[in-house]
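Note that the coordinates shown come from a computational prediction; the quantities given were computed from them, not determined experimentally. Naming: A, B, ... by sequence-line order, numbering from 1 per chain.
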2 protein chains.
Amino acid sequence: MKNIVETLKTLKLKVTPARIAILEIFSISDKPLSVEIIAKRMKDKQINQVTIYRTIESLVSAGIVGRIDLRRDAIFYELIDEHHHHHIVCTKCGLLEDFETCQIEEVSKNIILKSKKFKMIQDHSFELFGICNSCSRKNV
Amino acid sequence: MKNIVETLKTLKLKVTPARIAILEIFSISDKPLSVEIIAKRMKDKQINQVTIYRTIESLVSAGIVGRIDLRRDAIFYELIDEHHHHHIVCTKCGLLEDFETCQIEEVSKNIILKSKKFKMIQDHSFELFGICNSCSRKNV
DNA sequence: TTTCAATTGCAAGTCGATTGCATTTGAGTT
DNA sequence: AACTCAAATGCAATCGACTTGCAATTGAAA
């Protein structure tokens, strides 16, 4: 992500402390984040948790943040950047690994061509769930 | 799904009214169901909503029911049957369309071969999200 | 500097899902 | 057929992620 203020202006979103802070946190993180995690990383700044929820919602609507269901306690979010990727999640400990695949886009295209009820896809989910090597060894 | 009682016995699960009722509902439904929907379809039978939650959990653990996040209010579930499929979801009205694709299994295999932190995948999510033709026309 | 919709904080509320506990029950054992 | 006990169930209470109402504040355009 380039300059955060510029990005917000381009999107015609008001430049507010909450948006800047949250986008900063996203841009230095290489992992999807939950509202709870974001709140912890903002402890110094005085920003209400409700504001985090609403700010993220505005960023999702603006199309620069994506929502991910990792089958954990809360919803996770991450910046939608040029490196489109997906995740493998450990169902025991939550460990994440990214992977990139361009095949999903092809699959989606094929599917939409065959669909009778849909002509256009906005988004997709594709996450893998397993037990990481570390948890496997622990044999929990 | 063949005989429900036989299935439960094979899985070493007790044959209880709740399990039978829920598996019956699943087996006549061609769509994923939420706990709320299942509860409605069981109004005649006297089965507590908590029991539905716990029964579904046992069926998920036993590996015959799968959990699906359709980005709706609640989690959805459906029988894991021979026709492995995924869904396109209308983000406006929730309309569902199934699709089958064997390509996802291939993609998963390729990914796991490259992974450093995982050697085995249990499950995956793959759903498409869009606006259905009907909602498009309404231009909401 | 004026204006006003958008944003924010606070408190309260919503609602899907979970938990504790006493009771019941399925199914193996005697 | 009676015995045994872990598993399953119902009820009430609770949790916790998320949402909403409302008044106060603020970003940014006029």
Legend entry - Sequence neighbours excluded - side chain to side chain donor-acceptor pair (under 3.5 Å) pairs with any residue from residues 93-111 of chain B: A:Ser115-B:Glu97, B:His84-B:Glu105

Inset, instruction - State yes or no: do A:Met120 and B:Phe99 share one hydrophobic cluster built from I, L, V, M, F, W and Y residues joined by side-chain heavy-atom distances below 4.5 Å, directly or via other members? - result: no

Inset, instruction - Say whether B:Val5 and B:Leu11 are linked into one hydrophobic cluster, either directly or through other cluster members, by side-chain heavy-atom distances under 4.5 angstrom. - result: yes

Inset, instruction - Please check if the side chain of B:Ser29 supplies one atom and the backbone of B:Phe26 the other of a donor-acceptor pair under 3.5 Å. - result: no

Legend entry - Separation of D:dG27 C1' from A:Ile20 CD1 (nearest whole Å): 11 Å

Legend entry - Polar side-chain atom of B:Thr55 near backbone of B:Arg19 as donor-acceptor pair, under 3.5 Å: no

Legend entry - Separation of D:dC15 C1' from A:Glu36 CD (nearest whole Å): 14 Å

Inset, instruction - Measure the distance from CE on A:Met42 to P on C:dG9 and round it to the nearest whole Å. - result: 9 Å

Inset, instruction - State plainly whether one hydrophobic cluster holds both A:Val60 and A:Ile121, where clusters connect Ile, Leu, Val, Met, Phe, Trp and Tyr through side-chain heavy atoms under 4.5 angstrom apart. - result: no

Legend entry - Hydrophobic cluster partners of A:Val50 (side-chain heavy atoms under 4.5 Å): none

Legend entry - Test item: B:Glu127 side-chain N/O and B:His87 main-chain N/O as donor-acceptor pair under 3.5 Å: yes

Inset, instruction - Would you mind reading off the bend of the helix from C:dT1-D:dA30 to C:dT30-D:dA1 from its two end axes, five pairs each, to 10 degrees? - result: 40°

Legend entry - Value in whole Å for how far the C1' atom of D:dA17 lies from CD1 of B:Ile75: 12 Å

Inset, instruction - Using atom CD1 of A:Ile38 as one end and atom C1' of D:dA17 as the other, report the distance to the nearest whole Å. - result: 14 Å

Inset, instruction - Write down the distance between CD1 (A:Ile37) and P (D:dC18), rounded to a whole number of angstrom. - result: 11 Å

Inset, instruction - Check the distance between C:dC15's C1' and A:Asp73's CG and give it to me in whole angstrom. - result: 17 Å

Legend entry - Those residues of residues 46-57 of chain A lying under 4.0 Å from DNA chain C by at least one heavy atom: A:Gln46, A:Ile47, A:Asn48, A:Val50, A:Thr51, A:Arg54, A:Thr55

Strictly under 3.5 Å: I want the nitrogen or oxygen pairs between protein and nucleotides 25-30 of chain C, one per line.
| unit_1 | atom_1 | unit_2 | atom_2 | d |
| --- | --- | --- | --- | --- |
| C:dA27 | OP1 | B:Val15 | N | 2.6 |

Legend entry - Separation between CD1 of B:Ile20 and OG1 of B:Thr7, rounded to the nearest 0.5 Å: 10.5 Å

Inset, instruction - Output yes when a side-chain donor or acceptor of A:Ser27 lies under 3.5 Å from a complementary backbone atom of A:Leu23, and no otherwise. - result: yes

Legend entry - Residue pairs passing the salt bridge (charged side-chain N to carboxylate O under 4.0 Å, His left out) test where at least one lies in residues 55-79 of chain A, sequence neighbours excluded: A:Glu57-A:Arg67, A:Arg71-B:Asp123

Legend entry - Spacing of B:Asp69 atom CG relative to D:dA17 atom P, expressed in whole Å: 17 Å

